[in-house]
Amino acid sequence: MRKFFAQLRKSEKGATAIEYGLIAALIAVAAITAMTSVGTSLTATFDNVSSKLDAASAP
């Protein structure tokens, strides 16, 4: 039993999996932040275009 726990402490497979999980989570947060920013900017652009088209078509 001691041998098992000694090997478990020396094993780095779990640490590597946790590191990859943290990297994936960080990338996901960065992607969500970027997409939110782009979405907000895109909404503002479409609103601007829409208002200019409404003003141009008004008699």
| message | If we ignore hydrogens and angles and just use 3.5 Å, is the side chain of Ser50 paired with the main-chain N or O of Phe46 as donor and acceptor? | response | no
| task | Output yes when a side-chain donor or acceptor of Ser41 lies under 3.5 Å from a complementary backbone atom of Ser37, and no otherwise. | result | no
| message | Once rounded to the nearest 0.5 Å, what's the spacing between atom CG of Leu22 and atom CD1 of Ile27? | response | 11.0 Å
